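Down below is the structure, laid out as structure tokens.
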Amino acid sequence: MELYRNKEIETMGREQLRELQLPRLQNTVKRVYDNVPFYREKMQKIGITPADVKSLDDLTRLPITVKQDLRDNYPFGLFAVPMEDIVRIHASSGTTGKQTVVGYTKNDIDMWADCMARCLAMEGADTSSRVQVAYGYGLFTGGLGAHYGVEKLGATVIPASSGNTQRQITMLVDFGVTHICCTPSYAMNIAEVMQEMGVSKDDLKLKAGCFGAEPWSDGMRAEIENRLGLRAHDIYGLSEIMGPAVSHECRYRNGLHIWEDNFIPEITDPDTGLPVKEGEAGDLVITTVTKEGIPLIRYKTRDICTLSYDKCECGRTHARMSKPAGRTDDMLIIRGVNVFPSQIEAVLLSVGEVQPHYQIIVDRVRNSDTMTVEIEIPESIFTDNVKGIESFEGKVSSQLNSVLGINAKIRLVEPKSIARSEGKAKRVIDNRSRG
Ligand code: DLL
């Protein structure tokens, strides 16, 4: 049986969905035009008014919004309502530049919680479920975003936040937790500490979990499922648009359903910015059509994926995005070859015995890019067996070369020497930017 939270919305015909989207889009465009000088000026510059949006196809005539626009209007310049109506602020720290700040009205929080509740229902959670939220609570959207969704669903939330892993595990066992929400890398960290504590997956009652906030491979999914004894679903989102629950995998896990009653997705060519042909990969661009605090028109996420509008076996009609491989900002260009860290992860995990703890170090030596991938020595290889180490390194390196066409040096390092993550894992150390 497929579990819906709002069957009417989740399974409505595509035509009906478009009929729902159009007035919402028109209303959003009018509100930003009237209330956000940034949008009004941008639209005036290209000679468009809200009245020009007559059909959904007119969306592509509207200007693109990028992260820098949020920074330039820091902190509240893109808010479309008075501060009196803003009930919550979140921010993303970002590794470069100023943080980006977003604000939510009461209705925004309700809509967000509803999207999150739909995601949880999709993975089988209901009022009898106990959901441990191990995303960080705070300015990051993961913790509170998931939290309000669990409450909206009427399940029991355990607001663990991230970190303090032994205590997390004690709670998983003692509270009979059925669902967990955290980053995939933190899930692996939990699995490892469980082993150290002598806790087995049979001591847990976990059924499913939603893992996101960072790219992860199917190999990683298999590891998490095997070690925690649950079904792992991918959840996607970004703070600029809302936070977690912009999209989520149903039980068929053939892409992530985007809640199109609230978000209109498009895919554009990363170089030209023009729409790509249906099914082609490109930049995911999202327009919010119900948000009040900070509605965004055609926000370029920089996440690369494809879209599918085929009806899903689960009965949902909302478009599916492919598992995002990563942001264009995170793509590595190594001697002309473009590669995402998540693709490297997929290859590493396809070689038996490699644990999903790795770090990619990029350098420039004599004007040429070099890549070293550090992985931990598998248990089967003894640290004093130099031949064994070299042959294993060679095996992984040639696999990377044959699948991705990159030349990377593999370096086996001591077990546990790669830092474990409690949130988003830092997979890449790029020394090239240091001059
Ligand atoms: O990471 C929101 C979130 C929290 C999503 C918890 C899912 C679960 P930001 O910190 O603003 O928001 O980072 C957003 O993270 O543009 C993607 O590049 C990446 N990302 C998020 N989810 C996924 C995913 C939260 N499932 C950025 N797969 C996004 C791959 C993801 N990348």
Side-chain angles (χ1 to χ4, degrees), residues 65-67 70-71 89-102 104 112-113 115-116 119-120 123 131-150 160-162 179-187 209-218 220-221 224 232-249 253 255-259 263 265 270 281 283-286 294 296 299-306 320-331 340-343 345-346 421-428:
T65 310
V66 295
K67 198 178 180 95
L70 276 95
R71 294 203 176 114
I89 295 284
H90 279 287
S92 85
S93 57
T95 41
T96 51
K98 247 185 212 160
Q99 59 180 357
T100 47
V101 179
V102 288
Y104 304 76
W112 184 11
C115 289
M116 186 67 213
C119 297
L120 290 161
E123 55 190 62
V131 185
Q132 188 152 321
V133 177
Y135 285 117
Y137 279 60
L139 287 169
F140 175 56
T141 52
L144 284 166
H147 182 108
Y148 274 62
V150 182
S161 194
S162 61
H179 292 73
I180 182 165
C181 312
C182 62
T183 61
S185 56
Y186 192 46
C210 49
F211 306 97
E214 61 185 2
W216 52 305
S217 62
D218 281 332
M220 180 78 127
R221 190 200 303 266
I224 293 172
H233 293 251
D234 197 353
I235 183 165
Y236 168 85
L238 60 165
S239 49
E240 297 90 314
I241 293 299
M242 177 172 81
V246 170
S247 66
H248 184 271
E249 284 176 329
R253 302 191 302 193
L256 292 81
H257 289 279
I258 301 174
W259 298 123
F263 311 108
D283 240 318
L284 176 66
V285 169
I286 299 177
I294 174 167
L296 291 183
Y299 184 71
K300 187 171 161 146
T301 65
R302 304 183 70 97
D303 288 312
I304 300 291
C305 63
T306 59
R320 277 168 292 160
M321 59 187 270
S322 59
K323 215 169 172 4
R327 279 194 172 192
T328 38
D329 325 30
D330 301 329
M331 191 175 70
F340 282 111
S342 62
Q343 291 175 295
E345 176 184 298
S421 133
E422 294 182 349
K424 296 182 192 243
K426 183 165 171 48
R427 301 295 192 191
V428 179

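Counting starts at 1 for both ligands and their atoms, following the listed order. The model shown is predicted, which means the values in this text are computed figures rather than measured ones.
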Distance filter under 4.0 Å to [X] heavy atoms, resulting ligand 1 atoms:
X: Gly142; answer: 4 (C), 6 (C)
X: Ser239; answer: 9 (P), 11 (O), 12 (O)
X: Asp234; answer: 24 (C), 26 (N)
X: Phe140; answer: 1 (O), 4 (C), 10 (O), 25 (C)
X: Gly212; answer: 7 (C), 8 (C), 26 (N)

Side chain proximity check, [X] to [Y], heavy atoms < 4.5 angstrom:
X: Ile235; Y: Met116; result: yes
X: Trp216; Y: Lys323; result: yes
X: Arg302; Y: Lys67; result: no

Go through it in stages, so that I can follow the logic: the residues are Glu249 and Leu256, the test is side chain to side chain contact (heavy atoms under 4.5 Å, CB included), and I'd like the CA-CA distance, side-chain angles, deciding distance and then a yes or no. CA-CA 4 Å; Glu249 284 176 329; Leu256 292 81; 3.8 Å; yes

To which protein heavy atom is [atom] closest, and what is the distance rounded to 0.1 Å?
atom: atom 28 (N) of ligand 1; answer: Glu214 O, 3.3 Å
atom: atom 25 (C) of ligand 1; answer: Gly237 O, 3.6 Å
atom: atom 18 (O) of ligand 1; answer: Asp303 OD1, 2.6 Å
atom: atom 20 (N) of ligand 1; answer: Ala213 C, 3.6 Å

Could a heavy atom of Lys424 be found less than 4.0 Å from some atom of ligand 1? yes

Residues Thr306 and Ser322: side-chain donor-acceptor under 3.5 angstrom: yes

Quick check: Arg327 and ligand 1, any N/O pair under 3.5 Å apart? yes

Got more than 12 heavy atoms from elsewhere within 6.0 Å of OH, Tyr299? yes

Donor-acceptor pair, side chain of His90 and main chain of Leu139, under 3.5 angstrom: yes

Please check if the side chain of Ser161 supplies one atom and the backbone of Tyr137 the other of a donor-acceptor pair under 3.5 Å. yes

